[in-house]
Amino acid sequence: MKTKLAAGALLFSAVYLFSEEPVDLSVIHRIKAEAFENSKVMDHEFYLTDVYGPRLAGSPGYRAAGEWVMKRLKEYGLTNVHEEPWAFGRGWTYSHFSGHMIEPGYMPLIGFPLAWTPGTNGVVHGDAIYAPLVNDADLDKFRGKLRGKIVLTQAPKEVKMVLDPMAHRLTDAELESRTQVLDPSRLGNPFRPTAGPQPTPEERRRQTEFRKKTNQFLKDEGALVVLQYGYNGDGGTVFASSGGSQDPKEPIPPPMVAVTPEHYNRIVRLLQHSIPVQLEFDIQARFIDSPTDSFNVVGEIEGGSKKDEIVMLGAHLDSWHGGTGATDNGTGSSVAIEAVRILKALNLKMDRTVRIALWGGEEEGLLGSKAYVKQHFADRETMQPKPEYYKLDAYFNDDSGSGRFRGIGVMGNDQVRPIFEEWLKPFHDLGATVVSGTTALTARPPGGTDHTSFDYVGLPGFGFMQDPLEYQSRTHHSNMDVYDRVQPGDVMQCSAIMAAFVYNTAVRDKMIPRIPLPKAIPRKESAPTE
């Protein structure tokens with residue numbers, strides 16, 4: 001296409017002018033050089049994981065991590081660095097765990113306690129009992145039989161030999177498939193697993209209510225400890241999260257532990273053969289009743305001529321507690337911190353103000369980002385935008401593990417696709433090539449990760465598509481979500497692209513196009529979040 005530059009001048013220009021969307025390649029070069037030759041991203045990761053991990057919302061670890069982030073952002077020259085509180089509930093933390101099979105033979109148990117369940121108040125011994133609890137009839141069946149027992153509440157898990165690689169990078173064909181919508185009648189949440197039928201909102205509600213009922217039953221029956229395996233994984237990798245809730249109105253169950261399924265299955269087989277099993281546990285855990293607020297961490301790089309307009313980037317700072325929260329989401333937080341470090345280190349002049357936000361309570365339902373959007377921009381139940389609503393240009397989010405960025409989703413915003421395609425071109429050689437979600441549901445209920453809190457009220461929120469690596473097979477919510485599973489070259493690439501997208505947005509003549517303002521959804525009609 002024609003441009004305003006002569007062909008000769010174009011040869012020496014540092015600017016792309018495809019689709020009338022300029023990209024200053026001299027700046028992109030400087031961003032790449034800083035990201036790859038002077039990277040600090042793994043240093044951020046070290047502090048967030050080895051030093052301050054895990055970072056469960058409402059725990060001392062989360063508080064310490066947030067204070068460290070604020071200190072680092074101030075060191076890099078950001079301004080208006082502060083915490084923004086929001087209502088959370090009771091906190092929880094644990095400081096010791098040991099589990100063993102004592103009889104008929106000794107075996108150390110690989111596992112960890114579930115969040116928001118109590119400790120054992122010292123070392124406890126008890127006989128194991130196999131009592132799978134699936135429905136109300138099971139509660140009646142085992143009533144009066146569980147006092148002082150260590151209760152195994154799940155059916156044994158079939159453990160299959162692993163034949164596929166644990167880690168995976170997206171192929172070109174897989175990338176292409178993620179940009180295609182073959183059946184628009186099935187536009188859904190891309191964060192849901194695609195294999196197998198998904199529970200309906202009513203089914204999820206019933207599952208939640210039965211969990212609460214079971215927790216109260218186990219407590220009333222006097223179970224000593226409840227033993228389960230994680231919801232995924234084997235071979236010593238345990239995927240698990242919470243057994244109770246941060247909501248003080250919900251019942252506190254007995255101490256609960258998730259162990260690797262191979263150990264769980266051995267105990268069940270012994271019991272099924274009428275061989276008594278005795279277990280021992282020592283769990284030091286405590287609830288934190290005050291403060292009941294959690295917080296987001298916010299900081300800014302003040303803009304120039306349009307400094308009242310805001311470009312946001314971020315990730316969730318909190319994690320689960322089995323590992324140190326390295327790939328979920330220490331990587332995303334480290335990338336966001338590194339992106340603003342790069343922009344400050346290069347002293348890039350940007351028209352708009354850049355605001356980083358690291359969210360709390362994402363793991364409990366995007367609580368921090370939803371609270372922030374409601375406070376600053378709009379309440380979905382009324383959809384009466386606040387003044388800041390019209391000042392937010394875009395929000396960019398990182399929360400899919402340690403893999404390099406392969407593209408970005410536009411959440412049904414057709415107008416953004418040609419813009420982002422041009423912004424990705426300087427990164428094609430680094431594997432970032434695709435724009436997905438051009439045809440997708442818009443303003444759907446928040447779910448998956450934090451940029452959906454913005455999209456739900458019609459604000460431009462975007463998440464990057466990443467190589468899955470070991471996210472679902474080894475690290476996501478597991479005891480192996482640790483520093484050593486992070487790929488340094490991948491997060492360096494992510495940092496460069498995040499910085500470039502934020503910069504391009506901050507200097508663009510016009511704000512990022514938006515979808516139409518969504519209609520209000522009164523509380524009684526609100527769809528449940530995932």
Classify the ring geometry of Phe464 against Phe405: parallel below 30°, tilted from 30° to 60°, perpendicular beyond 60°. parallel
Got a donor-acceptor contact below 3.5 angstrom from the Arg90 side chain to the Ser290 backbone? no
Sort out for me which residue in Lys306, Arg352, Arg508, Arg514 forms a side chain to side chain contact (heavy atoms under 4.5 Å, CB included) with Asp393. Arg352
Of all residues at least two apart in sequence or in a different chain, which pass the ring-ring contact (aromatic ring centres under 6.0 Å, His included) check with Tyr389? none
For Ala339, side-chain contact (heavy atoms from CB on, under 4.5 Å) partners two or more places apart: Leu313, Met498, Ala499
For the residue pair Tyr62 and Phe295, categorise the inter-ring angle as parallel (less than 30°), tilted (30 to 60°) or perpendicular (more than 60°). tilted
Could you check whether the rings of Phe454 and Tyr372 sit parallel, tilted or perpendicular, using 30° and 60° as the cut-offs? tilted
Check for a donor-acceptor pair, side chain of Asn232 on one end and backbone N or O of Phe239 on the other, with a separation under 3.5 Å. no
Residues that Ser369 engages under side-chain contact (heavy atoms from CB on, under 4.5 Å), provided they are two or more places apart: Trp359, Leu366, Asp450, Ser453
Could you grab the distance from atom OG1 of Thr179 to atom CD of Glu176, nearest 0.5 Å is fine? 4.0 Å
So Trp116 and Phe88, would you call those rings parallel, tilted or perpendicular, with 30° and 60° as cut-offs? tilted
For Ala35, the side-chain contact (heavy atoms from CB on, under 4.5 Å) test, sequence neighbours excluded, returns Ile342, Ala496
Does Pro85 have any side-chain contact (heavy atoms from CB on, under 4.5 Å) partners at least two apart in sequence or in another chain, and if so, which? Asp293
side-chain hydrogen bond (donor to acceptor under 3.5 Å, both in side chains) partners for Lys344, two or more places apart: none
